[in-house]
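All ligand and atom numbering here is 1-based and tracks the order in the structure. Hydrogens, waters and symmetry mates play no part in the numbers below; they use all other heavy atoms, side chains included.
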Amino acid sequence: MVDLAINVEQVRERVAAACQRAGRTPQDVTIVAVSKTRSPEEMAAAYACGLTHLGENRVEEAEEKIPAVIERLGDGITWHMVGHIQSRKASRVAEFADVIHSLDSVKLAQRLDRAAADAGRVISVLLECNVSGEPSKYGFDAADEDGWSRLVEPVQEIDSCRNLRLCGLMTMAPIADDPETVRPVFRKLRTLRDTLQRNVTGVSLSELSMGMTDDFEVAIEEGATMVRIGRAIFGPATY
Ligand SMILES: *Cc1c(COP(=O)(O)O)cnc(C)c1O
């Protein structure tokens, strides 16, 4: 088994170094340990290393593992949903997710809002935005800056959902060998955030979820407040 403690220590050091380069403080960057395909035992090991934010990307898998982890560790974990959610599964996600990074339609927001109300919960949400324009990516289409004004209305609508707390934006960068090549994607998400923050009355978009194992340092330099890290913590992908 991989030595999680060493991996976590290295990730923390890399986060801190990226923060220092950017004149930021590590307390402003939340490490979300993406535990998809990993066992409840591995998730417990991550928690033992001080990682209290865990992320899953599939509804079925999350439903299966989360109760097992809670039984073992109690409810000290903040659960993040980072993967695409079909609208018909909204009510299931509303049962376990504390933070949803992958909110990609108004319809999904409305269903989550109703389900969260039924469950007596308030769920933090991030708007997933496709700023790179890759057709394979989910998210609100935000590739063309001239079309950003079209996002104002959906953002307003989502922000008015009483059981959702819209707190920022999320993006998935294209896969690249050199993380420098995706820097413009992260910078664009931040610019989009600044634009929406100016143009949507009353909204508070303080969070930027961007950066994964291959590019989280560049994302932090560009303003990420949440990095979603799987392999750098748990070892090479097992799927
Ligand atoms: C798997 C996954 C991650 C983490 O990926 P790594 O490259 O293993 O760090 C982050 N975000 C999402 C949405 C994922 O599905």
Does ligand 1 have an atom that lies less than 4.0 angstrom from a heavy atom of I229?
yes
Report yes if some N/O of K36 lies less than 3.5 Å from some N/O of ligand 1; otherwise report no.
yes
Heteroatom proximity flag, G230 to ligand 1, N/O under 3.5 Å
yes
Using atom types as modelled and distance alone, determine if a side-chain donor or acceptor of D113 lies under 3.5 Å from a backbone N or O of N163.
yes
Number the atoms of ligand 1 from 1 as they appear, then name those within less than 4.0 Å of a heavy atom of R231, with their elements.
6 (P), 7 (O), 8 (O), 9 (O)
Tell me the contacting part of H101 for ligand 1: side chain, backbone, both, or neither, using a 4.0 Å heavy-atom threshold, strictly below.
neither
Could you tell me if the side chain of P174 sits less than 4.5 Å from the side chain of V185, heavy atoms only?
yes
Residues which pass salt bridge (charged side-chain N to carboxylate O under 4.0 Å, His left out) with R114, listed by chain and number, not counting sequence neighbours
none
Going by heavy atoms in the side chains, are M170 and E207 under 4.5 Å from each other?
no
Sub-4.0 Å atoms of ligand 1 with respect to non-hydrogen atoms of T213:
6 (P), 7 (O), 8 (O), 9 (O)
Decide, yes or no, whether a salt bridge links E41 with R72 under the criterion of side-chain N to carboxylate O below 4.0 Å.
yes
